[in-house]
Student: 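Shown below is the structure under consideration.
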Amino acid sequence: MLVSNRTGEPAGPVLIAPSLLAANFANLQRDLELVNHSEADYLHFDVMDGVFVPNISFGFPLLEAARTHCRKPIDVHLMITQPDRYLDA
């Protein structure tokens, strides 16, 4: 499916990325398997530090744990101050 941009021209395909925030954390592995077997293109992951935005999410330890069970590419949205501190040079 293609989406139109403001000019009415095709903007490109729609990609589906369910958010880990919508998962049932009591059954996280099960929910990640649902994503693995779905037609989703990515798994979306929000990281908030409580400074840049209020922290209603989780951090890098949960991302590492989710990575071990998720076979889809992970799309990470960093809502943190000084994100360059976490990038490899």
Side-chain angles (χ1 to χ4, degrees):
M1 171 171 73
L2 294 177
V3 182
S4 294
N5 60 25
R6 291 180 189 205
T7 65
E9 298 295 320
V14 172
L15 299 175
I16 305 298
S19 176
L20 192 63
L21 274 175
N24 177 341
F25 291 103
N27 292 295
L28 185 58
Q29 184 174 355
R30 181 206 64 197
D31 283 4
L32 289 170
E33 285 301 320
L34 286 172
V35 172
N36 287 337
H37 295 292
S38 75
E39 294 185 37
D41 299 291
Y42 299 93
L43 174 66
H44 181 78
F45 193 92
D46 288 304
V47 176
M48 304 169 196
D49 65 1
V51 177
F52 186 73
V53 295
N55 190 1
I56 61 165
S57 183
F58 25 71
F60 294 107
L62 185 57
L63 175 57
E64 288 294 324
R67 256 182 52 192
T68 64
H69 298 288
C70 187
R71 293 190 303 270
K72 301 280 183 171
I74 298 176
D75 168 55
V76 178
H77 182 196
L78 297 177
M79 294 177 276
I80 61 176
T81 57
Q82 300 176 328
D84 52 317
R85 292 181 301 168
Y86 302 99
L87 301 176
D88 292 332

Student: Among pairs that include at least one residue of residues 66-83, which meet salt bridge (Lys or Arg N to Asp or Glu O under 4.0 Å), considering only residues two or more places apart or in two chains?
Tutor: Glu33-Arg71, Glu64-Arg67
Student: Excluding sequence neighbours, so at least two apart, what forms side-chain contact (heavy atoms from CB on, under 4.5 Å) with Gln82?
Tutor: Asp84, Arg85
Student: To the nearest 0.5 Å, how far apart are OH in Tyr42 and CD1 in Ile16?
Tutor: 11.5 Å
Student: Might you point out which heavy atoms bring Asp41 and Leu15 nearest each other, and give the distance in Å?
Tutor: OD2-CA, 3.2 Å
Student: Give a yes or no on whether the backbone of Leu20 and the side-chain of Asp46 come within a donor-acceptor separation of less than 3.5 Å.
Tutor: no
Student: Donor-acceptor pairs under 3.5 angstrom involving side-chain atoms of residues 22-32: please list them, not counting sequence neighbours.
Tutor:
from, atom 1, to, atom 2, distance (Å)
Asn24, OD1, Ala26, N, 2.9
Asp31, OD2, Asn24, N, 2.6

Student: Do you know which two heavy atoms are closest between Pro83 and Leu78, and how far apart they sit?
Tutor: CB-CD1, 4.3 Å
Student: With a 4.5 Å cut-off on side-chain heavy-atom distances among I, L, V, M, F, W and Y, is there a chain of contacts connecting Ile80 to Ile74?
Tutor: yes
Student: Not counting sequence neighbours, which residues clear side chain to side chain donor-acceptor pair (under 3.5 Å) with Thr81? List them please.
Tutor: Asp49
Student: Please name the pair of heavy atoms, one in Pro18 and one in Leu43, separated by the smallest distance, quoted to 0.1 Å.
Tutor: O-CD1, 3.4 Å
Student: Could you tell me whether the side chain of Asn36 reaches within less than 4.5 Å of the side chain of Cys70, counting heavy atoms only?
Tutor: yes
